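Down below is the structure, laid out as structure tokens.
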Amino acid sequence: MTARMVGQTVLVTGATSGIGCATAARFAASGARVVLVGRRAERLAELAATFGERVHGLVLDVRDHDGVMTALAELPEAFRNIDVLVNNAGLALGLASLETINFDDCTRMLETNCAAVLSMTRAVLPAMRERNRGHIVHMGSIASHVAYPGGNVYCATKAFVHQLSQSMKADLAGTGVRVTCIEPGMVETEFSEVRFGGDKEKAASVYRGMKALTPEDVAEAVFWCVSLPAHVNVNLIELMPTAQGFGPTIVKRVDR
Ligand code: NDP
Ligand code: 8X3
């Protein structure tokens, strides 16, 4: 239990897997009430049973703007006042070059990684402003500024998250509402399985022979930011595995 978190309500999107699941577990263990959001009802039910009674599972597709507004307004009373929103749900689909990428995949990434963050934030921010306290944590990525072949739309969505987070900090300066962006490098989760359309072998090869960050590593960073005193706003944290680094600039030369 962490005295500061007892009595606080934390809502985590994408809590059925990976970073969101570990973050929800971290807050539940700290004594906070936690709302777990995801589309997979069975996983939510299992997790809610594991994390204990201060947890509420909410089956919700965060891309459904009206559904988000209604579902958050209709949360059970004990969970309705959100103190901390962790905008974590997100995905990458494929690694195709922009001219060949499936356009529906582009739309799904934009809707999930960008538009849904706006919906979730707009659903909780008015009450946070009114109470003059709250914390919005965005799950960005090093992909916001580290480009790689096939990253195109995914990288651009995370650049959106980065800049949205910084701009919100500017909007909210002087209120009691804090805004943080967490930007991890490689974290071993279901992320690559989703990116490669369920191909587990291909997904596993992404993390082979190296020690990736664990979802718990990232959850700890989120928890640290939130558990600091109310006058401290961590704007941005970038973390990556010790084994990861930055690529050189590539020059494709032609013979003259
Ligand atoms: P996972 O695939 O393990 O988890 C993604 C979560 O998002 C799942 O719980 C999924 O739940 C949820 N989700 C996806 N779409 C929706 C939707 N439309 N509505 C509600 N929930 C949704 O991946 P990670 O834990 O790795 O990813 C979490 C975040 O971290 C993402 O924003 C990702 O971009 C970011 N990130 C990941 C990194 C990595 O290397 N893994 C590195 C940097 C950032 P469900 O399917 O049940 O809806
Ligand atoms: C996920 C990390 O490097 O695969 O955001 O884009 S990366």
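Both ligands and their constituent atoms are indexed starting at 1 by order of listing. Owing to the predicted nature of the structure, the values given are computational and were not obtained by experimental measurement.
No heavy atom of Val218 sits closer than 4.0 Å to any atom of ligand 1. A heavy-atom separation below 4.0 Å is found between Gly185 and ligand 1. Distances from ligand 1 to the non-hydrogen atoms of Arg43 include no value under 4.0 Å. Assignment of Arg195 to the shell around ligand 2 is supported, since a heavy atom sits closer than 4.0 Å.
Taking only nitrogen or oxygen atoms, main chain and side chain alike, Gly20 does not reach within less than 3.5 Å of ligand 1.
In summary, the atoms of ligand 1 found under 4.0 Å from a heavy atom of Ala15, numbered by their order in the structure, are 9 (O). Residue Glu190 approaches ligand 1 through these ligand atoms, each under 4.0 Å from one of its heavy atoms: 2 (O), 3 (O). Annotation for ligand 2: atoms under 4.0 Å from non-hydrogen atoms of Tyr148 are 3 (O), 4 (O), 6 (O), 7 (S). Within the listing of ligand 1, atoms 3 (O), 25 (O) sit less than 4.0 angstrom from a heavy atom of Gly18. Atoms of ligand 1 found under 4.0 Å from any heavy atom of Met186 (numbered from 1 in listed order, with element): 40 (O). Applying the 4.0 Å criterion to heavy atoms of Thr112 picks out, from ligand 1, the atoms 15 (N). With ligand atoms numbered from 1 in the order given, ligand 1 contributes 8 (C), 9 (O), 10 (C), 11 (O), 45 (P), 47 (O) to contacts under 4.0 Å with heavy atoms of Thr16. The distance from ligand 1 to the heavy atoms of Leu60 drops below 4.0 Å at these ligand atoms: 19 (N), 20 (C). The ligand atoms of ligand 1 that sit less than 4.0 angstrom from a heavy atom of Gly140 are 43 (C), 44 (C).
Residues Glu220 and Arg26 are paired through a salt bridge, judged by an N-O separation under 4.0 Å between the basic side chain and the carboxylate.
Note that Arg195 lies in the cation-pi zone of Tyr154, set by a 6.0 Å cut-off to the ring centre and a 45° limit from the axis.
Counting heavy atoms of neighbouring residues, nucleotides and ligands inside a 6.0 Å radius, atom CD of Glu77 does not exceed 12 of them.
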